[in-house]
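I have placed the structure first, in the form of structure tokens, so that the comments after it can refer back to it.
Worth knowing before you read on, the calculation uses all heavy atoms, side chains too, and leaves out hydrogens, waters and symmetry mates. Residue numbers begin at 1 in each chain, while the letters A, B, ... track the order of the sequences.
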There are 2 protein chains.
Amino acid sequence: MLLQNPIKQAAVTTADKVFEQLQYAIVEGDMVAGSKISEPELAKYYQVSRSTLREALNRLEKYHLIERKANIGSRVVDCTIEGLLELYITREALEGMACRQAALNMTDEEIAHMQAMLSQHANDKSLQEGVSYYQEQGDVDFHYKVILGSHNQQLISLICDQLYHLVRMYRCQFGMHSPRATRAFTEHSNIIQAISDRDGELAELLMRRHIAASRKNIENKIALQMAEQKSKHVSNQSSAQISEEI
Amino acid sequence: MLLQNPIKQAAVTTADKVFEQLQYAIVEGDMVAGSKISEPELAKYYQVSRSTLREALNRLEKYHLIERKANIGSRVVDCTIEGLLELYITREALEGMACRQAALNMTDEEIAHMQAMLSQHANDKSLQEGVSYYQEQGDVDFHYKVILGSHNQQLISLICDQLYHLVRMYRCQFGMHSPRATRAFTEHSNIIQAISDRDGELAELLMRRHIAASRKNIENKIALQMAEQKSKHVSNQSSAQISEEI
DNA sequence: AACATCACTTTTGTCGACAATTTTCTTTTT
DNA sequence: AAAAAGAAAATTGTCGACAAAAGTGATGTT
């Protein structure tokens with residue numbers, strides 16, 4: 001898997017390993033979103049006792065990948081358009097603030113490193129060719145660098161633990177593509193400039209616009225698809241591909 | 001306990017009940033912050049098996065009230081000045097955005113209800129007398145109303161589940177008092193006005209100032225106490241009382 | 001006296017079984 | 001035939017026991 005959580009710790013216990021496998025299965029859609037989870041079945045599948053499976057489920061619940069009800073059971077979280085938009089709004093708030101804090105708290109070395117990363121991407125031939133794969137990775141790297149640069153454990157934990165698992169899940173399930181490389185590159189460039197200027201206010205503003213632009217782009221795509229589907233009388237919209245950036 | 005989580009569901013299972021008791025014990029400081037947790041000991045104390053106690057611990061970990069390490073054990077989270085300030089910065093980001101969304105998404109009925117709540121507080125004699133108790137409750141009610149008014153499940157869950165347990169813990173452990181009633185009342189009043197004007201931008205700005213003001217006030221108090229302690233050669237600073245608003 | 005090693009104790013992780021609750025299916029009644 | 005009631009099956013919650021890992025203290029070596 002490409003988009004790794006940068007602050008995760010190694011899986012030492014069996015429950016950890018089962019959790020990781022389940023995490024990938026859910027994020028990549030091998031376990032269908034919204035479906036019920038059978039503890040005995042899964043325990044048998046992963047060759048572990050139900051206790052350790054439940055331990056893994058607890059961790060999945062912590063990361064908002066499943067939902068549990070007492071005496072009823074667990075379900076994989078559902079991927080809805082509303083949920084996706086809510087996620088973007090939350091990201092806008094948290095990553096915006098993280099970017100402001102990064103401008104205040106990043107060391108000069110960290111900033112230099114981020115600038116180096118960016119110019120490396122600039123020289124990368126994939127950018128010129130408009131290939132999305134490397135840019136995708138670069139985009140994720142950039143966002144993580146900014147988040148970690150906030151030096152705020154609370155923000156880091158919330159964004160990386162609570163949000164980004166879901167972000168990756170939506171990316172996979174809705175088949176979202178990367179942003180047009182050049183546009184994102186310019187925006188990233190401006191954000192880094194604001195950070196190296198130690199201009200927290202501008203840095204936050206730019207990051208919020210960067211994320212809000214993606215959200216609005218998605219909203220437009222959705223509106224378009226809805227109209228298309230209405231004219232074509234297609235009922236199933238959950239498998240729709242949304243060509244948009246992270 | 002006064003400051004309840006407004007979105008919590010009833011505790012039906014034994015693990016739920018143990019979790020609730022442990023939650024209060026941690027928040028109110030009956031279990032000292034940073035201390036190690038003994039599973040056998042706690043299980044015996046609450047008269048449950050270690051399995052159900054571990055289930056409760058899992059939930060505490062989900063809410064960031066304890067921290068676990070594989071094969072090592074659990075510790076109650078530590079209350080530090082840095083952690084408190086990080087919490088305020090995160091609140092500023094999340095509640096600011098929640099307030100913006102509330103301006104966009106609250107129903108007219110919800111707004112009317114919040115206005116009624118505020119004028120009730122205005123007429124309450126406790127406000128005139130500057131009694132903090134009711135105002136404390138009123139302040140919490142106000143913030144919760146705004147958060148729920150965002151109609152954004154992601155924001156609601158993050159703030160109420162992840163942040164407010166810690167907020168209450170810090171309030172208890174640092175013995176923080178309420179804000180001066182009249183000042184907070186005016187600020188709340190202005191925020192509600194912005195919401196009823198459907199002015200999301202202003203609503204967010206005012207809420208962020210409202211929270212940032214508290215944070216800065218705390219920072220000043222801390223700086224003052226640090227100076228005092230230095231002159232008095234007092235070493236223990238963790239039990240300091242910080243007279244500041246939520 | 002300080003350090004390393006080994007055995008012992010304690011604690012955490014995992015397992016299978018039982019109890020309680022929910023769901024499903026059958027039977028009964030209107 | 002539809003709805004209600006009750007029995008059976010399956011699922012979740014809880015328990016005590018064992019296995020594995022970490023911590024502790026005594027012993028021996030340099």
Report task. Report the residue (Asn71(A) or Val12(A)) whose heavy-atom-nearest nucleotide on DNA chain C is the more 5′ of the two. Result ->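 Here Val12(A) is the residue nearer the 5' end.
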Distance check needed: [N] [atom2] versus [X] [atom1], whole Å only.
X	N	atom1	atom2	value
Glu41(B)	dT9(C)	CD	C1'	17 Å
Glu55(B)	dT14(C)	CD	C1'	15 Å
Phe19(A)	dT14(C)	CZ	C1'	19 Å
Ile72(A)	dT22(C)	CD1	C1'	6 Å
Arg68(A)	dT22(C)	CZ	P	15 Å
Leu57(B)	dG13(D)	CG	C1'	16 Å

Drop me the distance from [X]'s [atom1] to [Y]'s [atom2], to the nearest 0.5 angstrom.
X	Y	atom1	atom2	result
Cys99(B)	Glu92(B)	SG	CD	12.5 Å
Thr13(B)	Asn71(A)	OG1	CG	6.5 Å
Gln154(A)	Leu94(A)	CD	CG	10.0 Å
Cys79(B)	Glu82(B)	SG	CD	11.5 Å

For nucleotides 5-10 of chain D, give me every protein contact, N/O to N/O, under 3.5 Å, one pair per line with atom names.
none

Pairs under 3.5 Å (N/O, protein and nucleotides 15-20 of chain D):
{"unit_1": "dC15(D)", "atom_1": "OP2", "unit_2": "Ser49(B)", "atom_2": "N", "d": "3.0"}
{"unit_1": "dC15(D)", "atom_1": "OP2", "unit_2": "Ser49(B)", "atom_2": "OG", "d": "3.1"}
{"unit_1": "dC15(D)", "atom_1": "OP2", "unit_2": "Thr52(B)", "atom_2": "OG1", "d": "3.2"}
{"unit_1": "dC15(D)", "atom_1": "N4", "unit_2": "Ser51(B)", "atom_2": "OG", "d": "3.4"}
{"unit_1": "dG16(D)", "atom_1": "O6", "unit_2": "Ser51(B)", "atom_2": "OG", "d": "3.2"}

Query raised in the report: Do Arg168(B) and Tyr24(B) get their side chains close enough for a donor-acceptor pair, meaning under 3.5 Å?
Result: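 Judged by distance alone, the side chains do not pair up.
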Does [X] put a side-chain nitrogen or oxygen below 4.0 Å from OP1 or OP2 of [N]?
X	N	value
Lys69(B)	dG23(D)	no
Arg54(B)	dT11(C)	no
Thr13(B)	dT12(D)	no

Query raised in the report: Should the heavy atoms of other residues, nucleotides or ligands under 6.0 Å from NZ of Lys69(B) be counted, would the total exceed 12?
Result: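 At most 12 heavy atoms, drawn from other residues, nucleotides or ligands, come within 6.0 Å of this atom.
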Requested in this report: Kindly give the heavy-atom pair with the smallest separation between Leu42(A) and Ile37(A), and that separation in Å.
Outcome: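 Closest approach of Leu42(A) to Ile37(A): CD1-CG2, 3.6 Å.
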